[in-house]
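What follows is one structure encoded as structure tokens, with my remarks underneath.
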Amino acid sequence: MPQLSKRTETFTDSVIRRMTRVSLQYGAVNLSQGFPDFDPPKEILDRLAEVTKEDYHQYSITWGAQNFREALAEKQSRRMGRTIDPNGEIVVTCGSTEAMMAAMMTVTNPGDKVVVFSPFYENYGADAVLSGAEPIYVPLYPPEFNFREDELEAAFRQHPKALILCNPSNPCGKVFTLAELQLIADFAEKYDVFVITDEVYEHIVYEPNQHVYFASLPGMWERTISCSSLSKTYSITGWRLGYIIAPAPIIEVAKKVHDFLTVGAAAPLQEAAVTGLRFGNDYYRWLQEKYTSKRNLFLKGLDDLRIPHTIPQGAYYVLLDISEFGYDSDLEFCEVLARDVGVGAVPGSSFFREPVNHLIRLHFAKKDETLTEALNRLESLRRKILPR
Ligand code: GLN
């Protein structure tokens with residue numbers, strides 16, 4: 001038999017998605033893969049029911065339905081503080097997963113380097129492999145997950161083509177400050193580098209932290225490819241609706257990459273999601289309050305159980321420190337946790353370039369009763385998992 005592609009030799013399956021399967025197998029409360037167990041807004045679901053009876057069953061325009069792009073441009077223009085052209089500056093994709101992949105294929109050639117902060121969302125590694133780019137990792141140091149300026153500049157000195165910026169950050173919950181973003185912007189300008197953002201948690205930010213769109217920094221619009229999605233904002237991760245916003249010459253190319261990758265996002269779902277894109281600011285305030293209350297509930301529960309953890313500034317993940325259990329493999333710990341305690345988590349090692357095995361990631365995008373059930377189960381943690 002001929003060999004399969006070299007390109008795929010280095011990747012395993014996604015650990016995040018694997019942990020969802022492990023959770024299902026053991027009937028664990030699944031706090032591994034980050035998706036909600038509560039309903040999307042009713043208005044969006046009502047519109048979806050109507051859409052099934054309307055004429056939205058064939059392909060939309062490949063780079064996104066007109067109605068969707070117009071609603072998105074209006075919302076993001078408001079948020080990002082610049083007028084975004086729905087016809088020239090947006091490509092609608094199948095989730096931000098495709099947006100990031102298409103962005104990488106749009107700006108990098110095989111052999112190009114890309115700067116990635118570590119810890120990082122695991123897809124970026126695979127995106128680099130698939131596009132033939134080589135990551136240069138820059139560590140973020142706990143507890144605040146700050147980077148060191150000299151280490152970042154050392155990465156820029158290696159002439160990367162792009163930097164990937166996940167803000168708010170999965171899995172560490174960092175929200176980059178304006179000063180940090182400005183420093184990245186200065187380097188991007190000085191070394192002439194693109195910035196590809198992943199801003200899917202743009203609306204999940206805890207006071208007093210504030211989300212700043214990288215593209216909105218002075219001079220950065222021209223070199224920023226902003227990727228995001230509707231998944232987290234409207235609790236519709238299964239709809240796979242994402243997008244790229246960038247200057248027209250970049251979007252021209254991204255449109256072609258996207259067209260040949262997937263043709264387009266689901267037409268009926270785009271139409272139904274327009275209802276969400278047209279929500280007023282109240283909705284985003286409500287979402288922020290909802291997640292703030294979930295964060296408080298969950299972190300307090302962990303504190304009551306004396307489990308050391310990170311304090312997220314944004315997004316909906318917490319890293320728990322499991323050093324006291326003395327496991328060499330955090331993957332094995334997560335399997336035992338799912339099987340014996342009944343809580344699904346993601347091993348921290350799948351996010352770090354560095355050899356980290358003492359952290360596991362849980363998320364709190366769940367109904368309060370689900371979180372309470374998980375906390376109740378975690379009460380037995382030290383009885384059921386003995387230190388090694
Ligand atoms: N972004 C979510 C997470 O980190 C979901 C990832 C996925 O499976 N697409 O868990």
Side-chain angles (χ1 to χ4, degrees), residues 11-24 28-38 40 93-104 116-127 130 140 145 164-175 196-205 211 227-243 261-262 265-266 269 287 291 294-295 298 310 312-320 330-331 334 337-338 343-352 356 359-366 370-371 374:
F11 47 70
T12 55
D13 62 337
S14 151
V15 181
I16 298 179
R17 267 84 78 190
R18 190 194 313 166
M19 291 319 294
T20 279
R21 297 193 293 274
V22 169
S23 298
L24 285 172
V29 179
N30 183 11
L31 303 188
S32 61
Q33 189 181 13
F35 61 88
D37 66 350
F38 42 83
T93 57
C94 299
S96 62
T97 300
E98 190 213 331
M100 295 291 292
M101 189 68 237
M104 287 280 283
V116 178
F117 288 108
S118 167
F120 60 95
Y121 174 51
E122 60 173 5
N123 274 40
Y124 309 154
D127 290 344
L130 288 174
L140 294 172
F145 293 94
I164 296 179
L165 179 71
C166 182
N167 183 33
S169 189
N170 176 7
C172 66
K174 179 182 180 64
V175 174
I196 301 173
T197 72
D198 174 353
E199 296 176 293
V200 301
Y201 303 99
E202 64 201 289
H203 295 291
I204 305 177
V205 176
H211 180 67
C227 300
S228 192
S229 93
L230 280 66
S231 290
K232 315 309 203 232
T233 303
Y234 306 104
S235 311
I236 48 174
T237 62
W239 289 28
R240 314 310 302 125
L241 292 177
Y243 55 88
L261 277 176
T262 63
L269 300 182
L287 187 78
Y291 274 108
K294 291 192 181 301
R295 181 184 85 143
F298 199 58
T310 54
Q313 301 168 331
Y316 47 52
Y317 303 100
V318 199
L319 295 171
L320 275 54
D330 54 356
L331 181 60
C334 285
L337 184 72
V343 175
V346 184
S349 55
S350 48
F351 303 102
F352 283 84
V356 166
L359 297 172
I360 61 170
R361 192 196 75 173
L362 294 183
H363 81 91
F364 50 84
K366 293 285 184 238
T370 310
L371 295 176

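Because the structure is a prediction, the values reported are computed rather than measured. Note that ligands are numbered from 1 as they come in the structure, with each ligand's atoms numbered from 1 the same way. When reading the values below, keep in mind they use all heavy atoms of this one structure, side chains included, and skip hydrogens, waters and symmetry mates.
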Whether Tyr201 lies under 4.0 Å from ligand 1, heavy atom | yes
Atom 7 (C) of ligand 1 [closest protein heavy-atom partner, distance rounded to 0.1 Å] | Arg17 NH1, 3.1 Å
Is the backbone of Ser32 close enough, under 3.5 Å, to the side chain of Arg361 for a donor and an acceptor to pair up by distance?
-> yes
Does even one non-hydrogen atom of Phe35 get within less than 4.0 Å of ligand 1?
-> no
Between the main-chain N or O of Val175 and the side-chain N or O of Gln313, is there a donor-acceptor pair closer than 3.5 Å?
-> yes
Are Tyr201 and Tyr317 close enough that a side-chain donor and a side-chain acceptor fall under 3.5 Å?
-> yes
Sub-3.5 Å N/O-N/O distance, Gln33 and ligand 1 | yes
Row check, Phe35 ring normal vs Lys366 NZ/CZ: under 6.0 Å, within 45° = yes
If you measure from each non-hydrogen atom of Met19 to ligand 1, which part falls under 4.0 Å: side chain, backbone, both or neither?
-> neither
Would you call the rings of Phe364 and Phe298 parallel, tilted or perpendicular, where under 30° means parallel and over 60° means perpendicular?
-> tilted
Report the part of Asn170 in contact with ligand 1, treating N, CA, C, O as backbone and CB onward as side chain, heavy atoms under 4.0 Å; options are side chain, backbone, both, neither.
-> side chain
Atom 9 (N) of ligand 1: the protein heavy-atom neighbour that sits closest, reported with distance to 0.1 Å | Tyr121 OH, 3.4 Å
Check whether the side chains of Glu122 and Ser14 place a donor and an acceptor atom closer than 3.5 Å, and report yes or no.
-> yes
heavy-atom search around atom 3 (C) of ligand 1 in the protein gives Tyr317 OH, 3.1 Å
So is Ile16 polar-close to ligand 1, meaning N/O to N/O under 3.5 Å?
-> no
Glu122 contact mode with ligand 1 (heavy-atom cut-off under 4.0 Å) | neither
Indicate, as side chain, backbone, both or neither, the part of His363 found under 4.0 angstrom from ligand 1 when only non-hydrogen atoms are considered.
-> neither
Between the main-chain N or O of Glu199 and the side-chain N or O of Thr197, is there a donor-acceptor pair closer than 3.5 Å?
-> no
Counting distance only, does the side-chain N/O of Thr310 pair as donor-acceptor with the main-chain N or O of Val318 below 3.5 Å?
-> no
Of the side chain and backbone of Phe351, name the one, both, or neither that has a heavy atom under 4.0 Å from an atom of ligand 1.
-> neither
